[in-house]
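Step one of this worksheet: look at the structure below.
Values below: all heavy atoms of this structure, side chains included; hydrogens, waters and symmetry mates excluded.
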Amino acid sequence: MAQLDAYLFFDGTCADAMRFYERTLGGKLTLLTHAQSPMAAQTPPESANRIMHARLDLGARQLMASDTMVGHPYEGMHGFSLSLIYPTAAEAKRVFDALADGGKVTMPLQKTFWAEGFGMLVDRFGTPWMVNGAMTSS
């Protein structure tokens, strides 16, 4: 069976964002800059310290990301949300509050017909999130 994971693009903030996600979500982070890659000699000097590939291992899932190359247009993140599901509303609240710090809450964490807690936000790095806690059975 295929496995589907998310890959995000940042404009020079990938390392900071992924370190923040590692602290907030847990997991194990691997970062590779352009200067550290086998393609370092072909990398424009101004992109050397940007992230070529980041991977945050979260159990059986991964969140991957990189920075755009300097001079390439960056249009931000739009048209999707990353969805997190936690077994308890308390854990969902902890993560929601951490992700919301410095970001913008678009729907406060609250009880819904499908979960004890659900909320939406865009974090300080521009990543949209939907956080669920204590899903109810249908």
Side-chain angles (χ1 to χ4, degrees):
M1 177 188 268
Q3 182 173 317
L4 179 64
D5 293 304
Y7 200 107
L8 304 175
F9 292 95
F10 296 91
D11 192 25
T13 61
C14 183
D16 290 339
M18 294 300 284
R19 287 183 185 118
F20 171 66
Y21 301 150
E22 179 185 35
R23 287 190 310 274
T24 303
L25 306 175
K28 180 177 177 356
L29 179 63
T30 304
L31 295 172
L32 177 72
T33 66
H34 286 274
Q36 296 167 323
S37 81
M39 300 293 295
Q42 289 83 28
T43 300
E46 59 274 12
S47 289
N49 293 322
R50 286 183 170 238
I51 300 300
M52 179 180 214
H53 182 69
R55 185 181 74 236
L56 179 59
D57 290 315
L58 299 161
R61 309 280 14 129
Q62 297 176 0
L63 177 60
M64 296 174 283
S66 64
D67 283 313
T68 57
M69 297 288 279
V70 170
H72 288 216
Y74 178 73
E75 298 178 15
M77 296 185 211
H78 52 285
F80 73 96
S81 289
L82 297 180
S83 180
L84 294 167
I85 301 171
Y86 289 97
T88 68
E91 191 168 7
K93 180 175 177 10
R94 179 193 65 78
V95 172
F96 183 88
D97 290 346
L99 290 170
D101 186 26
K104 179 183 176 188
V105 173
T106 56
M107 180 180 173
L109 190 70
Q110 58 194 303
K111 185 176 172 114
T112 66
F113 64 89
W114 69 86
E116 289 299 313
F118 173 78
M120 297 174 22
L121 63 101
V122 177
D123 70 26
R124 66 181 178 243
F125 299 101
T127 305
W129 296 90
M130 296 187 303
V131 181
N132 293 273
M135 304 289 281
T136 58
S137 40
S138 13

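Put simply, the side chain of Asn49 never gets that close to the backbone of Thr33: no donor and acceptor are under 3.5 Å apart. A distance-only check finds a donor-acceptor pair linking the side chain of Asp67 to the backbone of Gly12 [under 3.5 Å]. Side-chain atoms of Thr30 never come within 3.5 Å of backbone atoms of Ala54 as a donor-acceptor pair (strictly under, hydrogens ignored). Side-chain N or O atoms of Gln62 include none that pairs as donor or acceptor with a backbone N or O of Leu56 at under 3.5 Å. For the pair Ser81 (side chain) and Ser83 (backbone), a donor-acceptor distance under 3.5 Å is absent. In this structure, Thr112 contributes its side chain and Ala115 its backbone to a donor-acceptor pair below 3.5 Å. Although no hydrogens or angles enter the test, the distance criterion places no donor-acceptor pair under 3.5 Å between the side chain of Gln36 and the main chain of His34. Although no hydrogens or angles enter the test, the distance criterion places no donor-acceptor pair under 3.5 Å between the side chain of Glu22 and the main chain of Ala17.
Here His72 and Phe9 keep their ring centres 6.0 angstrom or further from each other. A centroid separation of less than 6.0 Å is found between the aromatic rings of Trp129 and Tyr21.
Distance CE/Met77 to OG1/Thr127: 3.5 Å, rounded to 0.5 Å. Atom CE of Met1 sits about 11.5 Å away from atom CG of Leu4, to the nearest 0.5 Å.
For the pair Glu116 and Thr136, the minimum side-chain heavy-atom distance is below 4.5 Å. Put simply, the side chain of Pro128 reaches to within 4.5 Å of the side chain of Phe80, judged on heavy atoms. Using a 4.5 Å cut-off on side-chain heavy atoms (C-beta onward), Leu31 and Met52 make no contact.
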Practice task
Decide yes or no on side-chain contact (heavy atoms from CB on, under 4.5 Å) for Leu63 and Tyr7, but give the supporting numbers first.
Solution key: CA-CA 6 Å; Leu63 177 60; Tyr7 200 107; over 6 Å; no
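Side-chain contact check for Thr68 and Asp11: at least one donor-acceptor pair (N or O, by modelled atom type) lies under 3.5 Å.
Other residues, nucleotides and ligands place no more than 12 heavy atoms under 6.0 Å from the CD atom of Glu75.
Tested against Phe118, the residues Lys111, Gln110, Met130, Met135 include a single side chain to side chain contact (heavy atoms under 4.5 Å, CB included) partner, Met130.
The existence of a salt bridge linking Arg61 and Asp5 is confirmed by a sub-4.0 Å separation between a basic side-chain nitrogen and an acidic carboxylate oxygen.
Met39 and Met64 sit in two unconnected hydrophobic clusters of ILVMFWY residues. Membership requires side-chain heavy atoms under 4.5 Å apart, directly or through other members.
When all heavy atoms are compared, the tightest approach of Arg124 to Phe20 is NH2-CD1, 3.2 Å.
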